[in-house]
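Worksheet: the structure to be examined is printed underneath.
From a predicted model like this one, the values you see are computed outputs, not experimental measurements. In what follows, chains carry the letters A, B, and so on, assigned in the order in which the sequence lines appear, proteins first and then strands, with residues in each chain numbered from 1.
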Amino acid sequence: MQTFSLKNIPFQLDRTVSCGQAFRWRQNEGFWYAPIADRVWKIRQEGDILWYEGPTEDELVRYFGLDVPLDRILNDIDTDPLIHAAIEQCRGLRIIRQDPWECLVSYICATCANIPGIMLRIENLSMKYGRNLELDGQVFHTFPDAEILCKEDICAVRACKVGYRDAYICKAAEMAANDPHWAEEIQKLPYHQAKEKLMTLPGVGPKVADCVLLFAFEKYEAFPVDVWIERILRTKYLGGTRKLSYKEAGEFARNHFGQYAGYAQEYLFGIREEISSKGE
DNA sequence: TTCCAGGAATCTT
DNA sequence: AAGATTCATGGA
């Protein structure tokens with residue numbers, strides 16, 4: 001087991017892995033476990049110490065974005081009382097740098113589903129098509145490569161209970177398998193062009209594209225607007241009754257929160273239940 | 001049972 | 001350019 005010192009590095013592991021941005025982390029006896037790429041990662045936080053095994057230190061820092069100047073970003077987006085409260089409550093929540101392929105399929109599976117439902121679908125796909133890994137007597141499954149999924153029949157994929165998303169997943173697999181450099185190309189593009197390119201895939205609309213850009217491509221202008229975020233913007237920021245269009249919501253947010261609007265989105269998402277249950 | 005969920009595609013106005 | 005409908009599934 002290795003250690004990493006978080007001195008002067010704000011980080012909350014629990015919040016970061018359980019806030020709904022990544023779908024494969026599970027807690028067991030004080031540790032968080034997840035299959036990341038080809039290995040199982042095991043990690044826990046005690047104050048400003050991380051205990052971990054699985055990744056190298058560089059991989060750990062990169063995945064959790066520990067090299068990102070979080071305090072500076074939070075200071076930058078801290079433009080009103082509500083986001084201020086979210087920052088107070090969630091400080092240390094970081095945006096994870098996920099694998100682009102797994103992230104893409106995950107958010108294709110995320111449409112019209114709650115977080116437990118998304119996790120189930122990802123797990124089903126991985127159990128059926130991934131490879132087995134084991135740690136501490138627990139079995140994990142790698143996320144299936146595009147090269148594997150693109151050879152699958154739509155019906156076989158559908159058996160993973162992905163519903164109408166079956167064809168979308170197969171199409172995405174075909175794209176990724178035929179164009180191994182797709183992710184590098186997206187990475188190079190500025191936000192709006194990267195988004196347009198992702199949206200050429202069936203099953204990838206503005207919301208899914210924004211999630212993938214934010215959680216896998218470090219495009220922090222991306223501001224995913226789901227039903228929760230739309231409700232918060234409408235009732236707490238714009239005081240309106242009319243439902244906001246996706247474009248309106250995103251433009252307002254980027255204008256209001258600035259270049260790190262994506263972080264603001266994740267912090268507001270982090271307190272979505274509290275906001276919604278305390279009445280309009 | 002009913003309603004809802006990190007929506008998108010397709011059809012109607 | 002906006003609305004309404006449909007899609008499939010599981011959680012609450």
Kindly point out which of [options] is positioned nearest to the side chain of [X]?
X         : options                : answer
Pro206(A) : dC7(C), dA5(B), dA8(B) : dA8(B)
Arg165(A) : dA5(B), dA8(B), dA8(C) : dA8(C)
Tyr164(A) : dA5(B), dA8(B), dA8(C) : dA8(C)

Expected output is a numbered-order residue list: members of residues 152-161 of chain A with a heavy atom under 4.0 Å from any atom of DNA chain C. What is it? Arg158(A), Lys161(A)
Distance between the P atoms of dA8(C) and dC11(B), in whole angstroms? 16 Å
Judged by modelled atom types alone, do Tyr237(A) and Asp80(A) share a side-chain donor-acceptor pair under 3.5 Å? yes
Do Arg24(A) and Glu123(A) come close enough that some side-chain heavy atom pair is under 4.5 Å? yes
Contact nearer the 5' end of DNA chain C, comparing Thr111(A) with Asn114(A): Thr111(A)
NZ/NE/NH1/NH2 to OD/OE distance under 4.0 Å, Glu248(A) and Arg242(A): yes
Please report, to 0.1 Å, the donor-acceptor pairs under 3.5 Å made by any side chain of residues 195-204 of chain A, with sequence neighbours excluded.
| unit_1 | atom_1 | unit_2 | atom_2 | d |
| --- | --- | --- | --- | --- |
| Lys195(A) | NZ | Tyr191(A) | OH | 3.3 |
| Lys195(A) | NZ | Asp210(A) | OD1 | 3.4 |
| Lys195(A) | NZ | Asp210(A) | OD2 | 3.1 |
| Lys197(A) | NZ | Glu185(A) | OE1 | 3.4 |
| Thr200(A) | OG1 | Lys197(A) | O | 2.6 |

Separation of Tyr168(A) atom OH from dA8(C) atom P, in whole Å? 10 Å
Name the orientation class of the two ring planes belonging to Phe217(A) and Trp182(A) (parallel below 30°, tilted from 30 to 60°, perpendicular beyond 60°). perpendicular
Taking a pair to mean Watson-Crick or G-U wobble geometry with both distances below 3.5 Å, dC4(B) pairs with dG10(C)
